[in-house]
Amino acid sequence: MAITPQWKDELRARITLSTLVQRSVKLTRAGREWKGCCPFHEEKTPSFYVNDQKQFYHCFGCGAHGDAISWMVDNQGLQFMDAVKELAAMAGMEVPAPDPVMAKRAEQRASLIDVTEAAQRFFVESLAGAGGKAAREYLQGRGFSPAVMREFGFGWAPDDRQALPRALSGFGEDMLEGAGMRAANEQGERYDRFRGRVMLPIQDARGRVIAFGGRILDKRDGVAKYLNSPDTELFDKGRTLYNLHRAAPAARQSGRVVVVEGYMDVIALANAGIADAVAPLGTALTEMQLEMLWRMVEVPVLCFDGDAAGQRAAMRAITRALPLLAPMRSLGIVRLPAGLDPDDLIKAQGTKAMEQLLARPAPLIDTLWEFERDAQPLATPEAKAGLKARLMAHVETIADPEIKSLYRRELGDRFSAFAYPPRPPRPAPQGRPAPGQRGGWRGAPMPPPGLSDTAREQLAGLMAGGQRQGLMQAVLAGLARYPGQIARHTEALISLARLLPQAAPAIESLLELAETLDSRAPTAICTPAQGQPAPSADIRYAFLEQGTDPDAACEELAEAVSLLVERPALEAALAATIARFDSDPEGSFAEQTRLRAQLMAIEDRLKAFGRRKASAATGTGDDAA
C-alpha cells in the first residue's frame with residue numbers, strides 16, 4: 001500500500017512537534033504556543049512559532065511554514081521517505097509497504113534522472129571545451145558573471161546529431177528518448193534533440209535536473225530560438241517553475257516572488273542580485289503553477305515585457321487567476337517600459353530602476369480594467385456597452401462570492417465614471433444661491449423631464465415634501481440630488497423595491513436617470529418649482545440642505561438608505577418566521593426573538609438618527625429631541 005493522507009495524519013498526531021523542534025532550536029512557552037528565533041533566517045527578535053495543537057510551525061519573518069515531515073526535510077536535510085521513516089520510528093508506527101506500481105515508476109524516474117544528470121555534466125564539459133568558444137563569448141556578451149554561469153549550470157550542446165549516444169554510452173536509446181534527450185523522425189532515425197544550442201538545466205523543487213532548455217546563438221530560418229524538453233515521466237511543463245528551488249528560500253527572506261516570462265529573464269535578475277524570480281516554461285501560467293506561487297507568498301508579482309505579447313501574457317495569467325482568487329490571495333502586476341525586457345532595463349537604467357518597479361506592482365483589478373478599457377476604441381455607445389460586458393464576464397468567473405461582489409461593484413463604479421463623465425455645471429437660476437452657499441431654496445424637488453406621465457406622478461408623489469413626510473421621501477430626494485450615489489446603493493434600492501412595491505416605480509426611474517443626467521449641478525436630477533415657498537421642517541436632513549459638504553452629505557445619505565432598507569427586510573423575515581411556527585415552534589420562537597431584538601435596535605437607530613437631525617436644525621446638543 002502507499003502512504004495515505006490518513007496515515008500521515010496519524011503520524012503527525014503521535015509526534016509532539018515542539019519536542020521535535022527543540023532538538024535544534026531553543027523555544028520558550030508563549031501562551032498555547034512555543035516561540036524562538038527562526039532557524040531559516042537570521043533574526044534577533046523571535047518570530048518563529050510552534051503550535052502543537054495545530055501541528056505546524058510558522059515564521060512571521062520569512063514565511064517558513066510546515067509540519068513535522070517538512071521540518072525533517074527542510075531543517076534536517078532528509079529526503080521525504082527518510083524523514084517519514086525516522087518519524088515513524090519515533091512514533092512506533094510501521095511504514096506501509098510501497099505500492100508496486102508506484103515503486104516501479106519511482107525507480108524509472110530515478111533512472112531517468114541519472115540520464116539527465118549525466119547529460120548536464122556533458123553539456124558543461126562541452127561549454128568549457130574548444131567547441132564551446134562561441135557559446136562562451138555569447139554568454140560573456142550577455143554580461144553574465146562566471147559565478148552566475150556556474151550557479152545556473154550553463155552548458156553547450158554540440159551541433160552533432162549523435163553526440164549524446166557517444167558521450168552517454170552507458171544508457172540505452174530508450175532511456176535517452178524517455179528522458180527527452182533524443183527523438184526520432186518519420187523514417188525512424190534517432191537524433192539528438194538539442195544541437196548547436198546554449199543549454200540550461202531545468203530542475204525540480206529539490207534541485208534535481210529533470211529537463212533542459214536550449215537557445216540558439218544566431219537566428220536561423222525555420223529554427224526555434226528557444227527549445228525545451230518535451231513532457232516526460234520527469235518533466236511536466238504545467239507543474240514546473242524554472243528556478244523554484246533557488247527562489248523559494250530567497251522568497252522567505254524577501255517576502256516576495258517575481259514571475260518573469262522566461263529563464264533568461266530569471267538569470268538576468270539573478271545576475272543583478274534579485275534572487276527571488278521564477279518563470280514558466282514556454283506556456284502561460286497554469287492553475288497548478290499559481291497554486292505553487294501562492295504557497296510561497298500571498299501576492300506574487302508578475303513582471304512581463306512591455307510589448308504587446310507581454311501584455312497578452314499578463315492578461316492570460318489574470319484570466320487563469322480570477323477563478324482562484326481568495327481573501328489575501330491575489331497577484332501584483334509590473335509592466336516594463338515598452339520594448340524592454342528585464343535584462344534591457346537593468347542594462348539601461350540599473351538594478352535600482354528594476355527594484356523600484358517591483359516595489360510598486362499594480363493590483364490585479366487595475367490591470368484588468370486598463371487592459372479591457374484599452375483593448376479597442378470606445379467611441380460609440382455600443383463599444384462602451386461591450387466594455388462593460390467584457391468586465392462583467394471576467395467577474396462571473398470568480399468563485400469566491402465576497403470577492404466577486406467587490407469586483408462587480410468596483411469595476412461597475414469605474415465603468416460608470418468612465419462612460420458617464422460629469423457634465424459641466426449648469427448656471428444657477430436667478431435668485432438661487434450658487435453652489436456652496438448656505439441657505440436658499442429647500443423645497444420639494446420636481447421629477448425630471450422625459451418620464452411617462454404615470455412614472456412622473458409616482459416619482460413626484462414619493463418625493464414631494466421630502467423633509468416632512470418621512471425617511472422614504474427624504475432618501476429619494478437625496479438620491480435625486482446626488483445621483484452619483486445611486487450606483488453605490490443599487491442593490492439596496494432593488495431590495496427595497498421588492499419589499500415596498502409602491503416605491504418600485506420611483507426607484508426604477510432613479511436607476512434609469514442616474515446614468516444619463518448631470519451629476520454635478522446643485523440639484524442634479526431635479527429642478528425646483530419656481531416660486532414655491534420652502535416648507536417648514538420638523539427634521540432637517542443634511543443631505544438635502546444647500547451648502548452641505550458633499551462628502552458628509554453622502555455619508556448621511558448612506559446611513560439613511562441603510563435604515564430605510566433594513567427595517568422592511570427584518571419585518572418580512574419576521575413574518576416568514578411567524579408563518580412557520582406550527583411546523584417548527586422551537587426554532588421559530590428563537591428566530592422571532594432574534595428578529596424582534598434586531599427590529600428594536602433599528603428603531604433605536606432611527607430615533608438617534610432623528611435626534612441628530614433635530615439637533616442640527618435647532619443648533620442644540622445631541623440629546624435634543
Side-chain angles (χ1 to χ4, degrees), residues 285 287 290 294 298-300 302 311 314-333 361-376 378 380-422 475 478-479 482-499 503-504 507-517 519 525 551 554-555 557-566 568-569:
L285 277 174
E287 289 82 355
L290 287 167
W294 280 320
E298 292 176 345
V299 185
L302 308 189
Q311 299 318 301
M315 196 60 197
R316 284 195 298 269
I318 289 173
T319 303
R320 287 277 177 87
L322 285 172
L324 308 175
L325 297 182
M328 301 306 296
R329 190 165 89 164
S330 187
L331 296 174
I333 313 295
L364 185 154
I365 193 171
D366 288 356
T367 306
L368 175 61
W369 160 255
E370 291 170 7
F371 182 90
E372 291 296 0
R373 181 198 62 194
D374 301 338
Q376 61 186 47
L378 298 173
T380 66
E382 294 83 359
K384 292 178 181 178
L387 167 61
K388 186 171 185 180
R390 293 194 303 274
L391 292 171
M392 292 304 108
H394 286 303
V395 170
E396 288 305 312
T397 67
I398 300 173
D400 186 280
E402 186 65 28
I403 294 176
K404 177 186 286 189
S405 177
L406 291 169
Y407 263 66
R408 181 182 290 113
R409 171 169 290 187
E410 174 70 18
L411 290 172
D413 288 348
R414 294 189 188 198
F415 175 79
S416 296
F418 171 78
Y420 307 105
V475 164
L479 291 172
Y482 298 100
Q485 296 297 302
I486 294 175
R488 174 181 177 184
H489 303 297
T490 295
E491 293 183 11
L493 292 172
I494 291 173
S495 299
L496 182 62
R498 293 194 188 103
L499 294 166
I507 290 172
E508 291 174 3
S509 298
L510 284 175
L511 294 176
E512 287 180 18
L513 289 163
E515 296 186 343
T516 59
L517 297 183
S519 62
I525 288 181
D551 291 338
C554 290
E555 291 308 310
L557 179 57
E559 184 178 1
V561 171
S562 175
L563 289 169
L564 186 63
V565 173
E566 288 182 38

Distance from [X] atom [atom1] to [Y] atom [atom2], nearest 0.5 Å?
X: Thr319; Y: Leu285; atom1: OG1; atom2: CG; answer: 11.5 Å
X: Phe415; Y: Lys384; atom1: CZ; atom2: NZ; answer: 8.0 Å
X: Asp374; Y: Trp369; atom1: CG; atom2: CH2; answer: 9.0 Å
X: Leu302; Y: Leu364; atom1: CG; atom2: CG; answer: 8.0 Å
X: Ile365; Y: Ile333; atom1: CD1; atom2: CD1; answer: 12.5 Å

All heavy atoms of Ala383 vs all of Leu378, minimum pair found to be O-CD2, 3.4 Å
For Gln311 and Phe371, work out which heavy atoms get closest and say how close.
O-CE1, 4.0 Å
Does the pair Leu324 and Asp400 meet the rule for a side chain to side chain contact (heavy atoms under 4.5 Å, CB included), with working shown?
CA-CA 8 Å; Leu324 308 175; Asp400 186 280; over 6 Å; no
For Glu396, the side-chain hydrogen bond (donor to acceptor under 3.5 Å, both in side chains) test, sequence neighbours excluded, returns Arg408
With Arg320, which residues qualify under side-chain hydrogen bond (donor to acceptor under 3.5 Å, both in side chains), at least two apart?
none
Side chains of [X] and [Y]: closer than 4.5 Å at any heavy-atom pair?
X: Glu410; Y: Leu391; value: no
X: Arg390; Y: Gln376; value: yes
X: Leu411; Y: Leu368; value: yes

Closer than 4.0 angstrom, basic N to acidic O: yes or no for Arg329 and Glu298?
no
Take Asp551 and Glu555, measure what side chain to side chain contact (heavy atoms under 4.5 Å, CB included) needs, and give me the verdict at the end.
CA-CA 6 Å; Asp551 291 338; Glu555 291 308 310; 5.8 Å; no
Determine whether a donor-acceptor pair (N or O, by modelled atom type, separation under 3.5 Å) exists between the side chain of Thr397 and the backbone of His394.
yes
